[in-house]
Amino acid sequence: MDDQPRLMHSSHGVGMAGHPGLAQHMQDSTGGADGEGRKQDIGDILQQIMTITDQSLDEAQARKHALNCHRMKPALFNVLCEIKEKTVLSIRGAQEEEPPDAQLMRLDNMLLAEGVSGPEKGGGSAAAAAAAAAAGGGGSDNSTEHSDYRAKLSQIRQIYHTELEKYEQACNEFTTHVMNLLREQSRTRPISPKEIERMVNIIHRKFSTIQMQLKQSTCEAVMILRSRFLDARRKRRNFNKQATEFLNEYFYSHLSNPYPSEEAKEELAKKCSITVSQVSNWFGNKRIRYKKNIGKFQEEANMYAARTAVSATNVSTHGSQANSPSTPNSAGGYSSPCYQSDRRIQ
DNA sequence: GTTTATGATTCGAT
DNA sequence: ATCGAATCATAAAC
C-alpha cells in the first residue's frame, strides 16, 4: 500500500508538467511551514502570467525574431515536424489520394456533351445538333425553337462560367491567404511544406465540392431545358404533302408486304426529307390504322393503285422496269386493292 | 369547343 | 432490333 503516495505524487508531477517552476515552488513549500512565503511566490507567478498579455506587439515580434535566429532553431523545427508527422498527420495521410469522384466525372462529361463546359462556340452543342437532325428537314418552322434553345443554353453556359470563375478566384485568393499565413506561422510553429501542401489540397477539395454543387445545378438546368425542348420536338408537325404521297405510294404498291427494307426506308427518308425512324413510325402507324379500318382507306388505296398502274403503263411504254414495284398488288388493273386476311397484315 | 387525323412514344412479344 | 398495339399529344378540320 506504499504505492499510493507515489502514484499521487507522480500524477501531480504530470499535472504540473507545463509549469515546472510552479510545481517546484509548491513542492518546496510543502516542506516548510511558512504559509506567507508560499502566498508570495504564487502571487509573483500570477503577476508574471498576467504581464504576458501586456507585452507589446513589438516585444513579441522581437522575441519571435530572436527565436527564429537561434542556432538550434532549424534542428528543433525539423524534430518537431518529424514528431508531428509521425503522430497526427500520419493518420490523416492514409485517407488521402481518394479516387476521382464518379459523380463529378459524370457531371463533367454531361456538361461537356451539352456544350456547356467545352470550347466556346465552335462546333456548337452536340445535343442541339442531334435535336436538329431529329427534328428533320420537314419543318423549317422549328428554327425559332432551335435558336431559342441555343439562346437559353448559352445563357446557362454564361452563368456557369462566371460562377465557376468566381469560385476559382475565391479559391485562389483563399489558398494564397492561407499559404501566406502558414508560411508566416511556420517560423514559430512546426509546419512543414508538406503540411502546407496538404492544407492547400483540403481547401481545393472544399472548393471543388462547391463547384460540384454548381455543376449539379447547371446540369439540372440543362436537363430541364432539354426536356422542354424535347417536349417541343414532340409537338407534331405533319409531313408535307409530297412526303406523304411518296410514303403512301410505297405503302399501297407494296400492300401485300408493306415492310420496307432498311435500304428502302433510307431511300424514302431521303426522298421525303425525313429520318429513317420517321419512315418506320409512319409505316408502323399506317399498317395498324389500315388494318383497323380498311374501309376508310379504300378510296385512298384505289387512288394510289390507279396512279401506280398509270406510272407502270408509262414505264412499260418506255420499255423500262426501273420504277416497277417488286410486289405489285394490282398490276395493270383498276380493281380496288382488296385486302386479304392471308396477307402479312392480320 | 369537339372531333378527327396523324406523328411520336411506350410496352410487351418475338 | 423490329413489330403490333395502345396511347399520348397536337395539328387540322368541323
Side-chain angles (χ1 to χ4, degrees), chain A residues 110 113-114 124-153 219-308 325-330 336-346:
Chain A
M110 192 197 148
E114 294 296 333
S125 142
S140 56
D141 200 18
N142 58 9
S143 60
T144 49
E145 283 171 16
H146 192 193
S147 68
D148 197 37
Y149 175 83
R150 278 225 303 248
K152 293 231 171 81
L153 190 71
C219 273
E220 270 169 30
V222 172
M223 289 302 264
I224 289 166
L225 179 66
R226 246 192 111 162
S227 75
R228 262 194 216 142
F229 185 71
L230 248 55
D231 279 353
R233 206 173 43 151
R234 197 186 162 97
K235 272 185 186 172
R236 196 174 52 74
R237 290 282 135 80
N238 289 358
F239 299 151
N240 62 40
K241 209 177 165 192
Q242 203 183 15
T244 312
E245 279 188 17
F246 277 132
L247 293 163
N248 273 317
E249 229 166 69
Y250 189 99
F251 180 80
Y252 286 111
S253 63
H254 296 75
L255 202 51
S256 62
N257 185 33
Y259 298 87
S261 65
E262 193 58 34
E263 292 78 40
K265 277 183 197 171
E266 277 167 21
E267 200 186 319
L268 277 168
K270 202 186 286 180
K271 276 209 291 191
C272 302
S273 308
I274 56 177
T275 66
V276 172
S277 63
Q278 280 179 306
V279 173
S280 297
N281 284 341
W282 190 92
F283 273 88
N285 283 323
K286 190 75 183 180
R287 281 192 298 264
I288 193 74
R289 281 161 188 166
Y290 181 86
K291 198 190 95 175
K292 266 187 175 173
N293 194 349
I294 298 164
K296 197 174 75 181
F297 290 94
Q298 198 68 61
E299 202 180 323
E300 191 179 69
N302 287 338
M303 194 185 84
Y304 281 101
R307 200 184 291 189
T308 306
S326 55
T327 53
N329 183 59
S330 51
S336 54
C338 281
Y339 190 78
Q340 287 171 16
S341 60
D342 62 348
R343 292 209 168 116
R344 185 60 207 277
I345 303 176
Q346 293 184 23

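Lettering follows sequence order; numbering is per chain, from 1. In what follows, every heavy atom counts, from backbone to side chain, and hydrogens, waters and symmetry copies are set aside.
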Whole-Å gap separating P (C:dA5) and NZ (A:Lys292): 8 Å
Nearest to the A:Lys291 side chain among B:dT9, C:dG4, C:dT2, which nucleotide is it? C:dG4
Picking from C:dT2, B:dT9, C:dG4, the nucleotide nearest the side-chain atoms of A:Asn285 would be B:dT9
Quick test: give all pairs of protein nitrogen or oxygen and nucleotides 4-6 of chain B nitrogen or oxygen below 3.5 Å, distance rounded to 0.1 Å.
residue: B:dT6; atom: O2; partner: A:Arg236; partner atom: NE; Å: 2.6

N or O in side chain of A:Gln278 less than 4.0 angstrom from B:dA8 OP1/OP2: yes
Set of residues satisfying ring pair (Phe, Tyr, Trp, His ring centres under 6.0 Å) with respect to A:Tyr304, sequence neighbours excluded: A:Tyr252
Test: salt bridge (Lys or Arg N to Asp or Glu O under 4.0 Å). Region: residues 295-306 of chain A. Which pairs qualify, not counting sequence neighbours? A:Lys286-A:Glu300
Here the distance between atom P of C:dA5 and atom CZ of A:Phe283, to the nearest Å, is 17 Å
Check this one for me: any side-chain N or O of A:Asn281 less than 4.0 Å away from OP1 or OP2 of B:dA8? yes
Before giving the answer on side-chain contact (heavy atoms from CB on, under 4.5 Å), spell out for A:Leu255 and A:Tyr290 the whole-Å C-alpha distance, their side-chain angles and the decisive distance to 0.1 Å. CA-CA 10 Å; A:Leu255 202 51; A:Tyr290 181 86; 3.3 Å; yes
What integer distance in Å separates A:Ile288:CD1 from B:dA13:C1'? 14 Å
Measure the distance from CD1 on A:Ile274 to P on B:dA8 and round it to the nearest whole Å. 8 Å
Applying side-chain contact (heavy atoms from CB on, under 4.5 Å), run through A:Phe239 and A:Val279 and close with a yes or a no. CA-CA 11 Å; A:Phe239 299 151; A:Val279 173; over 6 Å; no
Atom-to-atom span, CZ of A:Arg287 to C1' of C:dA6 - whole angstrom: 16 Å
Please check: side-chain N/O of A:Arg287 versus main-chain N/O of A:Pro258, any donor-acceptor pairing under 3.5 Å? yes
side-chain contact (heavy atoms from CB on, under 4.5 Å) between A:Tyr259 and A:Phe283, intermediate numbers included: CA-CA 8 Å; A:Tyr259 298 87; A:Phe283 273 88; over 6 Å; no
Which whole-number value in Å describes the distance from A:Phe251 CZ to B:dG7 P? 13 Å
